[in-house]
Amino acid sequence: MSPRGARARRANGKKYATWLAAGVVVLGGTAVTAVAASAGGEGAGPGDGTRSAKAHALALDGKDPKRRALPRTGTPTFSLVGVSWEDSGDTFEGTAQIRTREAATGEWSEWHDLDFDIRAPESTEGEEPEVRGASEPLWVGPSDGVEARVVADGEETAVPEALRLDMIDPGETVKGKGKGNGGTQGGGKGDAEPPTSGAPTGPAPGAVPAQEPTGPAATTIPTAPTAPAVVSRAGWGADESLVQDPPSYLNEVDAVFVHHTAGTNDYTCADSPAVIRAILTYHVRTNGWNDVGYNFFVDKCGTVFEGRAGGVDRPVLGAHTYGFNSYSSGVSLLGDYENGGTPTAAARQAIADLAAWKLGLHGVDPEAEVALTAAADTGVWKKGQVATLNTISGHRDGYATLCPGATLYSALPGIRTTAGASPYAIGN
């Protein structure tokens, strides 16, 4: 990782005002849990019978400049957790571990490492004063207690300023919410709920994007490739009140970067919408971004979900691959593929079809290479350096990270070949 950046020094009053503006209230002390309502209000949801996601935070205070520890502490229910600090430019070199108490059984988990692969966007979105540095979030399932330890090591002399533990309750949505008009874009499955069994089920081929003609004339007009099924933001229950600014758009999509969310592979596919709601809340409430960073998500059952708002068929600027966001779309596979997880055949097929379609909208061959100029120093490329990359690349190809994990990264050559033969690829 890069050396520690210059810290922003703020008075405590301004610091707490920033946290309040971001929708998270933090109380000092290890025995007190601070609860923050979502933008929709405490207990409020985007519709009747729903409950919005909520962010809880605990300040990790202490006298030791190189270490912070939180003893076992009861909390409101949460399902996703991470750590964050004041200055997004202050790269943390150290270790952070957490363990959680399962709400249903009261059993404590083993210690889990948090990853530090998140960087604020190189665009103006990453330059807002409320943007925080943060770990990758960890999905742990419904929990009501937490223990944490954070240690600075390597060249670090201290943990970052205003270190805190961030816990996200993903809320609830009505089962079947978003069916029909709101559930799926591009045809295919009309049910907003992903498959509930472990059997791999992928997007249905031959779906037609909403903006394309569907009558007889459609067969006589050369158009962009047809679209795979995508569960819309309404379908997975996005709280749109979290998103304050309109989306920004690229001129075109030259590449697709593949990621993993890390965390766990033990989620069920019925959990996928909740995992994505929690990541949205973490990216907005914890990181201080305008919206979720990834353009798309895929789960292990091969279901594709819309990520950042702005239109699945449009070149929406995301926040996923530092230095290369301005040229690309990002798709993240739910799960950890660095520590033993293996991407399913359904997930690999879904990523290939999605990438083939997204690149095909801009006339890009999914098996080709592309030259892109790095917009920032990434640990792999210097700002201004021209990088020759595959049009379907892994996060680690652009940025110094282990993402998308060893097994998913090793699957990318096959995913490119599958994308080239996909019915969604241009010319097929």
Side-chain angles (χ1 to χ4, degrees), residues 39 46 53 118 120-128 131 178 181-188 192 203 207-212 223-259 261 272-273 276-285 287-298 303-332 350-351 353-364 375 395 424:
I118 289 183
E122 74 274 8
S123 63
T124 55
E125 180 180 355
E127 298 169 4
E128 296 298 326
V131 172
N181 293 337
T184 313
Q185 299 185 21
V208 179
Q211 80 278 9
E212 296 295 330
T223 62
T226 56
V230 179
V231 177
S232 69
R233 288 169 64 94
W236 54 261
D239 183 354
E240 300 297 358
S241 67
L242 292 171
V243 182
Q244 300 300 308
D245 297 322
S248 298
Y249 293 94
L250 316 177
N251 291 326
E252 61 184 13
V253 173
D254 297 303
V256 169
F257 283 97
V258 178
H259 305 254
T261 59
S272 299
I276 298 169
R277 289 196 303 274
I279 294 173
L280 165 64
T281 306
Y282 189 86
H283 282 182
V284 175
R285 287 284 181 242
N287 294 73
W289 301 352
N290 184 56
D291 197 349
V292 69
Y294 305 112
N295 298 100
F296 298 93
F297 293 90
V298 173
T303 304
V304 180
F305 300 85
E306 179 182 12
R308 178 163 287 216
V312 295
D313 58 337
R314 301 189 66 189
V316 178
L317 173 65
H320 51 85
T321 306
Y322 187 71
F324 297 95
N325 290 319
S326 297
Y327 313 106
S328 63
S329 186
V331 53
S332 191
I351 293 170
D353 287 340
L354 176 65
W357 169 70
K358 192 67 180 178
L359 293 169
L361 292 174
H362 301 273
V364 176
H395 187 186
Y424 302 107

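Listed here is the closest heavy atom pair of Ala309 and Val316: O-CG1, 3.4 Å. Between Pro273 and Phe305 the shortest heavy-atom distance is CG-CE2, 4.4 Å. The two residues Tyr424 and Thr226 have their closest heavy-atom pair at CD2-O, 3.1 Å. The minimum heavy-atom distance linking Pro121 with Trp289 is given by the pair CD-NE1, 3.5 Å.
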Could you pull out every donor-acceptor pair under 3.5 Å between side chains of residues 247-254 and any protein atom, sequence neighbours left out?
{"from": "Tyr249", "atom 1": "OH", "to": "Gly310", "atom 2": "O", "distance (Å)": "2.8"}
{"from": "Tyr249", "atom 1": "OH", "to": "Arg314", "atom 2": "NH1", "distance (Å)": "3.2"}

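Of the possible donor and acceptor atoms, one in the side chain of Arg308 sits under 3.5 Å from a partner among the backbone N and O of Asp291. Looking only at distances, no side-chain donor or acceptor of Glu125 sits under 3.5 Å from a matching main-chain atom of Ala319. Judged by distance alone, the side chain of Trp236 and the main-chain N or O of Glu306 form a donor-acceptor pair under 3.5 Å.
His259 and His320 have perpendicular rings, their planes meeting at more than 60° on a 0 to 90° scale where under 30° would count as parallel. Using bins of under 30°, 30° to 60° and over 60° for the plane-to-plane angle, the ring pair Trp357/Phe296 lands in the perpendicular bin. Between Phe324 and Tyr327, the two ring planes are tilted [angle within 30° to 60°].
Taking 4.5 Å as the limit, every side-chain heavy atom of Asn290 sits out of range of all side-chain heavy atoms of Val284. Two residues are said to be in side-chain contact when any heavy atoms from C-beta on lie closer than 4.5 Å; Val243 and Arg233 meet this criterion. You'll find the side chain of Val298 stays beyond 4.5 Å of the side chain of Thr303, heavy atoms only. With contacts defined as side-chain heavy-atom distances shorter than 4.5 Å, the pair Val292/Ile276 does not qualify. Looking at Tyr294 and Val331, their side chains never come closer than 4.5 Å, going by heavy atoms from C-beta outward.
Atom OG of Ser329 sits about 7.0 Å away from atom CG of Leu354, to the nearest 0.5 Å. Asn295 CG to Ser328 OG: the interatomic distance, rounded to the nearest 0.5 Å, is 7.5 Å. In this structure, CZ in Phe297 is found 7.5 Å from OG1 in Thr261, a value given to the nearest 0.5 Å.
Side-chain contact annotation: Glu122 with Asn325, donor-acceptor N/O pair under 3.5 Å present.
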side-chain contact (heavy atoms from CB on, under 4.5 Å) between Val131 and Asn287, worked out: CA-CA 6 Å; Val131 172; Asn287 294 73; 5.7 Å; no
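Checked for salt-bridge contact, Lys358 and Asp353 miss the test: no charged N lies under 4.0 Å from a carboxylate O.
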